[in-house]
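What follows is a short report on a single structure.
Nothing fancy with the numbering, it's 1 onward along the sequence.
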Amino acid sequence: MRKLSCVYFGLTAALTISLTSAPSFAQQDRPWMNSKLSPDERAEMVLKELTLDEKIDLVHGEGMPGWAGKVFPKAYWGNGGAGFVLGVERLGIPMIQMSDAAYGVRSSADNGRYSTALPSPIASAATWDPQAACEYGALIGRELRAQGYNMTLGGGTNITREPRNGRTFEYLGEDPILAGTLVGNRIKCEQAQHVIGDIKHYAVNDQESGRNEVNAVLGKRALQETDLLAFHIGIEIGNPGAVMCSYNAINGDYACENKYLLTDVLKKAWKFKGYVVSDWGATHSVVKASAAGLDNEEPEDIYYGEPLKKAVQEGKVPAAELDDHVRRVLRSEFASGIVDFPTKRSVVDVERGLETARQVAEQSIVLLKNDKGVLPLDRAKVHSIAIIGTHADESMISGGGSAQVDPPGSVAPVWKSHVWFPTSPLKAVAAKAPGLSVKFASGADPAAAATLAKQSDVAIVFVHQWTSEDFDLPNLSLPENQDAMIDQIASANPRTIVVIESGSAVTMPWIDKVSGVLEAWYAGSKGADAVANILFGDVNPSAKLPMTFPRSEADLPHPHEVIPSPSMLGKEAVMATGEAKPTFEVHYDEGLKVGYKWYDAEKKPVLFPFGFGLSYTSYAYSDLKVKPGKEKTTVTFTVKNTGSRPGAEVAEVYAALPAETGEPPKRLVGWSKVKLQAGESKEVTVNIDTAYLSIFDEASESWKMVPGAYSFMAGESSQDLPLAQKITLK
Ligand code: BGC
């Protein structure tokens with residue numbers, strides 16, 4: 001039927017049918033179209049109608065434009081995204097049209113479309129704000145549908161174990177409770193727009209170097225309490241239709257054929273009802289992958305096309321196993337609403353997108369240093385401003401790889417090229433400073449930039465650290481001699497403010513010489529306006545770091561990243577024994593001690609701690625009370641705005657578990673973002689789920705709370721916790 005419609009109607013008609021047509025059959029012929037039934041019931045009904053070929057069609061992709069230089073025969077049914085899964089037209093089941101959408105919808109240039117670039121996910125984590133995460137997801141959901149997609153491939157949640165990882169910007173930092181909560185809220189609101197949501201890359205895809213060949217080795221407890229916990233929380237809150245298994249192997253088995261991860265943990269222990277989709281090209285087998293719980297191969301049908309069909313016919317893959325894969329795909333289609341609400345292309349709401357992008361950016365820019373109140377800039381005192389930085393006259397940088405959003409006016413960027421968004425710091429600052437002198441120097445000639453800085457009341461230096469999928473940073477230093485440039489400018493004018501555009505932590509050898517530092521991350525389509533609003537105090541910064549900024553790479557759990565030799569790379573190396581085997585290992589022997597837990601346990605001083613971020617006002621914490629309960633422990637305290645401006649404070653709560661648990665010194669267990677007028681006080685209540693006070697017991701493969709003495713601490717950052725109370729929990 002599908003093939004016929006293509007031959008008969010040609011390209012245009014086929015696209016119209018696949019993307020927009022509502023089912024034209026009467027509902028009595030299609031009882032699964034009754035939206036009052038549960039997604040499980042509806043999926044079961046459709047499953048019973050399917051032929052073997054139709055089932056196979058639902059468990060693999062039909063190619064991605066440009067993938068491996070191949071031409072895919074059904075490409076004309078695609079929507080220009082990362083791939084698609086055929087529908088079952090005779091039963092009213094639409095195609096699944098997927099697009100990457102880490103911080104906005106990908107591939108606008110190639111498709112002649114437009115997408116908003118939000119600040120990168122790591123920036124959104126710096127908001128610590130589930131509502132901002134929700135708006136982030138909702139915007140992406142809307143723009144996906146406007147462009148004819150009904151599935152997102154966003155939702156990156158890998159914990160920052162290795163800050164040099166080139167995809168750190170796509171993830172949500174180093175704490176599983178923060179990352180899981182935010183990605184869950186993002187997914188919830190993305191799916192509310194009727195797109196299938198996705199969480200990725202499951203799991204421990206924590207470095208890009210040798211991502212297809214690496215075996216990540218870590219104990220079950222460490223795995224569960226760190227990387228997997230983020231996914232579990234995200235899945236519980238967001239209920240995504242799909243989980244994307246990652247490229248790497250974990251404890252010996254590739255993620256997409258790892259029974260422990262896919263079946264024992266995800267589908268059985270967590271009761272995940274959606275489907276597992278492979279990362280692009282991350283499938284390595286038929287029988288092993290299917291038995292392990294992989295439901296859908298992307299972007300091709302190398303294993304889950306004819307070979308899977310044959311394996312089912314020969315009894316090597318039980319028919320019930322195939323049915324389970326298919327049922328899960330169908331269930332997610334019903335649960336997300338893509339069957340009941342077929343996509344209808346529309347014009348992306350550009351203005352609304354820009355407004356959201358600016359608001360999220362304003363909440364995500366972290367004020368790291370502000371000596372002698374250099375910020376906010378005071379128009380009565382500052383008469384001349386130097387704006388310095390290679391692109392600071394025109395644009396701000398963005399994160400690359402499959403996350404890349406194309407800037408307006410651009411052609412499709414070359415893979416792994418630096419892409420700058422047309423949001424001009426120079427213009428944004430000048431617009432805020434009518435009558436003041438605002439001059440620009442690129443910094444290409446550091447001496448000339450230093451001279452301009454010297455002649456100006458303040459120098460604002462925009463620096464960047466570009467990162468992307470498919471490679472890791474050699475170190476955390478700013479590239480291209482930017483450290484030396486900052487040093488020279490700060491020597492000329494100590495009233496130097498550095499604005500960092502980065503995807504991860506950076507080291508700051510010049511920190512003592514400058515007066516102000518803002519971490520702006522990859523700030524998205526409206527980054528410059530957001531930065532200017534903060535520089536001039538129209539917005540009071542409220543963001544906090546979702547990851548530690550170490551003093552140097554020497555302090556990391558792994559001072560040197562494990563980099564594979566060329567002979568360990570490639571399919572041949574992986575398939576040398578006839579079945580897929582990783583070729584090198586990374587031992588995450590820091591175990592539970594990820595991020596701040598490492599620095600706490602090892603007593604290593606840091607440059608800026610997890611949870612840190614300044615404001616233009618000040619806050620005082622008092623009156624901590626801890627009330628234990630069976631399901632949750634309630635922590636209350638008072639936060640007062642002791643300064644002269646309104647602000648929003650992320651009040652953080654940490655717990656130290658009993659010594660016998662062997663846990664790192666403390667873990668984040670909750671937080672609340674409190675808006676306070678100048679002088680205002682509020683009592684803050686943070687309910688802490690007992691699960692967040694538990695540990696994973698390897699012997700019983702379950703979570704348990706260890707009775708004993710627990711300390712609860714509250715304050716402004718992981719290293720500024722003025723309130724503490726110890727109680728015994730049973
Ligand atoms: C990336 C995924 C992405 C996929 C499709 C892969 O290389 O790892 O995150 O969704 O490509 O573009």
Side-chain angles (χ1 to χ4, degrees), residues 117-119 123 126-127 351 353-397 420-443 449 452-453 455-464 489 493 495-501 514-543 613-617 643-648 678:
L118 286 154
T127 69
E351 293 298 330
L354 293 175
E355 181 65 16
T356 304
R358 182 182 52 74
Q359 283 172 9
V360 176
E362 287 169 353
Q363 286 191 69
S364 72
I365 296 169
V366 192
L367 177 61
L368 292 176
K369 181 167 183 182
N370 190 15
D371 263 12
K372 301 195 191 86
V374 68
L375 291 173
L377 298 173
D378 181 349
R379 290 180 186 85
K381 292 189 190 137
V382 173
H383 305 292
S384 53
I385 301 173
I387 300 286
I388 298 166
T390 45
H391 289 68
D393 54 337
E394 287 184 340
S395 50
M396 294 180 80
I397 203 159
W420 296 83
F421 264 77
T423 175
S424 159
L426 176 64
K427 284 188 193 144
V429 169
K432 291 258 158 202
L436 308 192
S437 151
V438 182
K439 289 193 177 146
F440 170 73
S442 75
L452 177 64
Q455 292 159 355
S456 309
D457 291 333
V458 292
I460 308 176
V461 189
F462 288 80
V463 292
H464 63 272
I489 289 161
N493 185 347
R495 288 174 64 81
T496 289
I497 297 149
V498 180
V499 181
I500 304 168
E501 301 166 35
V514 303
S515 297
V517 180
L518 284 178
E519 172 54 78
W521 314 104
Y522 302 144
S525 297
K526 275 286 185 189
D529 287 3
V531 169
N533 283 343
I534 288 195
L535 289 171
F536 284 91
D538 296 319
V539 170
N540 188 356
S542 60
L614 300 169
S615 158
Y616 295 149
T617 187
S644 54
R645 286 169 180 264

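- Within the 4.5 Å cutoff, the side chain of Pro376 has heavy atoms near those of the Tyr616 side chain.
- To the nearest 0.5 Å, atom CD of residue Glu362 and atom OG1 of residue Thr127 are 12.5 Å apart.
- With a 4.5 Å cut-off on side-chain heavy atoms, Ser456 and Ile385 do not count as touching.
- At least one side-chain heavy atom of Pro425 sits less than 4.5 Å from a side-chain heavy atom of Met396.
- In terms of heavy-atom proximity, Pro119 sits nearest to Ala523 at CG-O, 3.6 Å.
- A distance of 4.5 Å separates CD1 in Ile534 from CD1 in Ile365, rounded to the nearest 0.5 Å.
- Partners of Thr617 according to the side chain to side chain contact (heavy atoms under 4.5 Å, CB included) rule, which considers only residues two or more places apart in sequence or in another chain, are Asn540, Ser615, Tyr619, Asn641, Arg645.
- Atoms CG and CG, from Asp378 and Asp457 in turn, are 11.0 Å apart once rounded to the nearest 0.5 Å.
- A donor and an acceptor atom, one from each side chain of Gln359 and Gln363, are nowhere located under 3.5 Å apart.
- Ile388 places a side-chain heavy atom less than 4.5 Å from the side chain of Ile489.
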Tabulate below the donor-acceptor pairs under 3.5 Å that side-chain atoms of residues 429-442 make, not counting sequence neighbours, or state none.
from	atom 1	to	atom 2	distance (Å)
Lys432	NZ	Asn533	OD1	2.6
Lys432	NZ	Asp538	OD2	2.6
Ser442	OG	Ala444	N	3.0

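- Heavy-atom minimum distance, Gly527 versus Thr423: N-OG1, 3.5 Å.
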